[in-house]
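See structure below.
Both backbone and side-chain heavy atoms feed into the values below; hydrogens, waters and symmetry mates do not. Throughout, residue positions are numbered sequentially from 1 according to the sequence presented.
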Amino acid sequence: MRLLSARLIISLILGVTLVSLLSTYYEVRREKQGLRNELERRAELLGESLVGNVEPSLEKGSLKELERVVERFSNREHLAGVAVFNAKLEPIAASSGLPQGLQPQSIAVPQAITRNAKQSQFVHRASGSVHIYALPLHQQDQVVGELVIVHDASYINAQTTLVWRETFLRSLVQVVLIALITLLIIRWSIAGPIARAAQWMKGLRTGRVGALRAAMPDLDLLRPLAREMETLAESLTAARSAAEKEAQLRAAGESVWTPERLSVHVRGKLGNSRLFVVSNREPYSHIRRGNSVQAIVPASGLVTALQPVLCACDGTWVAHGGGDADLETVDGHDRLRVPPQEPKYTLRRVWLTKDEEEGYYYGFANEGLWPLCHIAHTRPMFRVSDWEHYAKANVKFAKAVLEEMAGIEEPVLLVQDYHFGLLPRLVKKARPDARVAIFWHIPWPNPETFGICPWQRELLEGLLGADLIAFHIQSHCTNFLQTVDRTLESRIDWDHFAVNREEHRTAVKPFPISVDFPATAHTQPERNAYLERVELLQECGVEAVFLGVGVDRVDYTKGIMERFLAIERLLEKYPVYREKFTFVQIGAPSRTHIKRYHDFFADVQAESERINWRFQTGKWKPIIFLNRQHSHGEIERYYRTADVCLVTSLHDGMNLVAKEFVAARDDEQGVLILSRFTGAARELRDAVLVNPYDIERTAEAIRYALEMEPEQRTARMQRLRKVVKEQNIYRWAANLIGDLCEVRLDSPSALRVANEAAAATFPPEALQR
């Protein structure tokens with residue numbers, strides 16, 4: 001730091017000195033030129049005055065009168081003398097004050113006579129500089145001589161020397177002041193923050209808790225360095241936390257899965273291969289905010305689970321580029337490295353036209369398959385144009401996957417959800433050496449229901465291209481196998497839950513997805529939790545004693561209307577909860593340009609307003625409908641303080657809200673009311689299970705939860721948290737990818753058959769379309 005300060009000060013001194021010298025040089029030149037111009041002007045004025053007196057005297061031939069004239073004008077400031085010459089440059093008259101070195105003959109200017117024009121010149125002599133000004137004298141328009149005026153110009157040099165001296169002293173003072181100020185700036189603005197940053201880094205290195213919680217010191221002058229320090233600190237903190245967590249788990253004899261353990265596990269399973277993931281939603285989306293582009297991470301359990309794996313094995317995630325600035329951030333091959341702060345894997349974006357997105361995603365996937373697979377009594381819509389877009393989109397994604405797989409031996413592909421029912425077969429036919437799995441996140445209905453789909457055969461054939469098909473629960477696996485058994489010619493291995501078709505075997509297994517369980521509890525005193533609840537209610541503009549919460553997309557499968565009716569019935573049957581119980585429904589608008597969703601959103605708003613109109617009094621109302629997107633941090637505040645969380649889905653593959661609520665309750669309080677039609681109900685058996693269609697019993701369940709004894713609440717929540725902790729998102733990913741990596745590839749003869757089938761049923765030109 002001292003060396004840096006010395007170099008900085010010396011550089012500033014040299015810079016200031018150079019600038020001062022250049023500035024002084026131009027200032028002296030300007031001053032000197034100004035004094036010269038002023039002297040020439042005075043000589044010109046004096047000459048014009050003298051000519052009017054000299055010419056008449058010269059015409060008369062009166063030398064004495066000429067002498068008197070030149071003497072009379074010789075006492076002017078800086079005037080050295082005046083002389084009159086005839087046409088032959090012979091002196092006629094001269095002032096007596098001419099310096100000794102300036103004799104009349106030496107100051108004659110022939111050009112004034114020969115050119116008949118005024119002449120001005122500065123002459124440097126040993127005794128000093130002089131200015132000579134000569135004017136021609138006329139008689140009857142004839143030049144008969146000249147008048148010469150001599151000024152002492154040495155004062156000009158004296159004046160410029162004074163300017164140089166004053167400038168030097170001023171520069172010296174400036175240099176001293178700048179050096180002092182620079183030292184102070186370095187001390188206050190650089191040395192101090194760097195010293196604090198060094199202490200902060202030392203605290204991180206030594207693991208002091210205070211340093212870990214402290215904010216990064218302000219280093220505005222060194223912002224790039226500060227960003228790198230922040231990244232380094234985050235990595236160091238994460239590594240220390242992971243090591244401590246692993247040590248605690250080993251000491252406790254527990255086998256909880258962590259991101260680090262998952263990374264090591266998957267690296268061992270993959271060996272020299274690579275992992276590829278396909279999903280509709282991308283892990284990072286770039287959107288434009290004003291003049292800048294920001295990377296947004298969507299709230300997704302899938303990103304939480306799979307990002308550590310992709311980072312560990314330098315994998316590739318293929319997804320639809322839906323951000324308005326996504327195209328600006330990719331390279332020529334539609335790729336970019338992520339995460340932005342510390343790139344470790346590749347994101348490959350696939351582009352869809354508006355018509356393709358409308359038909360593939362909103363049409364066939366969400367107006368067709370979504371209501372078909374959820375038993376929510378909403379009629380699915382199947383249109384030929386939507387199916388065609390769905391098939392084309394699957395081909396587009398398959399083409400991108402195969403391009404990314406080029407050159408990789410025995411790649412591992414994990415396909416996500418019902419948007420890609422055809423993709424497993426497309427990829428497997430082109431790359432029989434690939435291990436392919438698809439996780440179907442939504443329920444699979446019974447064979448009769450799925451038979452409604454006009455393209456059920458094509459979807460089943462596409463799915464059976466995978467080596468592993470995964471659902472949340474066993475009953476969905478059973479429904480799928482029954483559907484295959486009734487639709488396709490195949491052999492079902494019920495003992496091992498597998499399908500054998502066209503010399504290819506597909507395993508069908510349940511892998512219940514979960515959430516990340518917080519590594520460290522942030523338990524606060526009960527008083528603080530109570531105050532946070534009061535604060536939340538105040539923000540909502542109500543006063544209440546009990547708080548309930550529901551978190552859902554506004555979707556007809558989530559049982560929001562049934563939930564509101566149960567709250568209405570609770571207030572009818574038990575008036576004691578009026579003005580005491582408030583339910584906050586966090587409802588993120590979803591797919592609102594689909595008419596069924598748009599109408600349902602309006603129905604939910606109308607129902608909440610109807611119930612509020614019926615019961616609302618003063619500063620209390622029973623239902624608060626927050627119909628906007630909320631961050632995970634905002635939602636977690638409600639999770640931590642709610643007395644009861646209602647998950648009343650009419651049908652759900654899993655429903656992670658139930659597990660998020662449990663994971664957030666490190667105070668071991670709160671009651672989960674859970675629909676028995678969710679996949680989560682199979683695991684979370686200590687929740688209060690309800691049939692959401694039974695409004696009366698759901699209302700009773702709310703009352704039971706609010707009046708439950710604290711000891712029972714705690715015991716239930718402890719058991720729930722144990723399940724979520726042990727069966728967390730990382731265990732789900734480890735089990736799914738581990739089973740996929742252990743899939744035995746088809747025999748060489750089967751691969752030849754598959755290659756021949758691929759050439760016949762899925763020629764290369766299909767991928768080019």
Side-chain angles (χ1 to χ4, degrees), residues 238 242 245-246 249 254-271 273-284 297-319 338-339 344-347 401 411-417 420 424 434-442 466-473 476-477 507-519 632 653-656 659-660 662-663 679-680 682-683 723-743:
K245 190 192 313 178
E246 290 294 333
L249 293 175
E254 296 182 0
S255 57
V256 175
W257 283 84
T258 64
E260 294 73 25
R261 182 180 176 186
L262 173 62
S263 299
V264 173
H265 173 78
V266 173
R267 276 200 303 267
K269 291 290 185 180
L270 287 173
S273 186
R274 294 266 296 279
L275 176 66
F276 299 84
V277 174
V278 181
S279 67
N280 181 72
R281 180 184 292 184
E282 55 187 339
Y284 291 90
V297 182
S300 169
L302 198 61
V303 176
T304 302
L306 296 181
Q307 181 152 283
V309 179
L310 290 168
C311 288
C313 66
D314 190 21
T316 299
W317 193 314
V318 181
V338 291
K344 289 187 175 180
Y345 69 94
T346 300
L347 171 59
V401 170
V412 177
L413 174 63
L414 185 54
V415 185
Q416 297 297 318
D417 227 350
F420 302 110
R435 289 179 170 86
V436 181
I438 181 168
F439 192 90
W440 191 271
H441 287 260
I442 62 177
D467 300 292
L468 174 63
I469 300 176
F471 295 96
H472 286 296
I473 59 177
H476 296 162
C477 299
V508 182
K509 295 183 178 182
F511 294 89
I513 199 169
S514 190
V515 297
D516 182 19
F517 194 87
H632 182 72
M654 175 55 66
N655 194 294
L656 294 179
K659 294 187 175 182
E660 287 175 354
V662 171
R682 272 68 172 178
E683 296 179 276
V723 171
V724 176
K725 181 179 181 180
E726 292 177 353
Q727 305 295 329
N728 64 16
I729 186 72
Y730 305 114
R731 179 183 287 273
W732 169 82
N735 291 339
L736 178 58
I737 299 173
D739 279 19
L740 176 58
C741 290
E742 292 175 0
V743 165

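Among the candidates Thr316, Leu413, Val412, the single residue satisfying the side chain to side chain contact (heavy atoms under 4.5 Å, CB included) test with Arg274 is Thr316. Trp732 pairs with exactly one of Trp257, Phe511, Phe439 by the ring-ring contact (aromatic ring centres under 6.0 Å, His included) rule, that one being Phe439.
Side-chain atoms of Ser263 come within 3.5 Å of backbone atoms of Pro308 as a donor-acceptor pair (strictly under, hydrogens ignored). Using modelled atom types, one side-chain atom of Lys659 and one backbone atom of Ile513 make a donor-acceptor pair closer than 3.5 Å. One N or O on the side chain of Asp467 and one on the backbone of Val436 form a donor-acceptor pair closer than 3.5 Å. The main-chain N or O of Ile442 is never found under 3.5 Å from a side-chain atom of His472 such that the two would form a donor-acceptor pair.
Nearest heavy atoms, Val256 versus Arg261: O-NH1, 3.4 Å. In terms of heavy-atom proximity, Lys509 sits nearest to Cys477 at C-SG, 3.4 Å. Closest approach of Pro411 and Phe276 over heavy atoms only: CB-CE1, 3.7 Å. When every heavy atom of Val724 is checked against every heavy atom of Phe517, the shortest pair comes out as CG1-CD1, 3.9 Å. Taking both residues in full, the closest heavy atoms of Ala466 and Pro424 are given as N-CB, 3.7 Å, listed atom of the first, atom of the second, then distance. Nearest heavy-atom pair across Ile473 and Pro510 is C-CB, 3.7 Å.
Taking CG of Leu270 as the reference point, atom NE2 of His265 lies at 9.0 Å (rounded to 0.5 Å). Interatomic distance, CZ of Phe420 versus OG of Ser279, reported as 6.5 Å (0.5 Å rounding). Leu262 CG to Ile737 CD1: the interatomic distance, rounded to the nearest 0.5 Å, is 6.0 Å. Of the inter-residue distances, the one linking Thr258 atom OG1 with Asp516 atom CG reads 10.0 Å to the nearest 0.5 angstrom. The distance from the CE atom of Met654 to the CZ atom of Arg682 is 9.0 Å, given to the nearest 0.5 Å. Distance check, rounded to the nearest 0.5 Å: SG of Cys313 to NZ of Lys344 gives 12.0 Å.
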Chi angles and distances behind the side-chain contact (heavy atoms from CB on, under 4.5 Å) call for Asp417, Asn280: CA-CA 8 Å; Asp417 227 350; Asn280 181 72; over 6 Å; no
From CA spacing to verdict: side-chain contact (heavy atoms from CB on, under 4.5 Å), Val508, Trp440: CA-CA 11 Å; Val508 182; Trp440 191 271; over 6 Å; no
Verdict with supporting geometry, Val338 and Leu310, side-chain contact (heavy atoms from CB on, under 4.5 Å): CA-CA 10 Å; Val338 291; Leu310 290 168; over 6 Å; no
Stepwise side-chain contact (heavy atoms from CB on, under 4.5 Å) test for Arg281 and Gln416: CA-CA 9 Å; Arg281 180 184 292 184; Gln416 297 297 318; over 6 Å; no
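Glu742 and Arg435 are not joined by a salt bridge, as no carboxylate oxygen comes within less than 4.0 angstrom of a charged side-chain nitrogen.
Looking at Pro259 and Gln307, their side chains never come closer than 4.5 Å, going by heavy atoms from C-beta outward.
Taking the six-membered ring where the residue is Trp, Tyr345 and Tyr284 present tilted rings, their angle falling between 30° and 60°.
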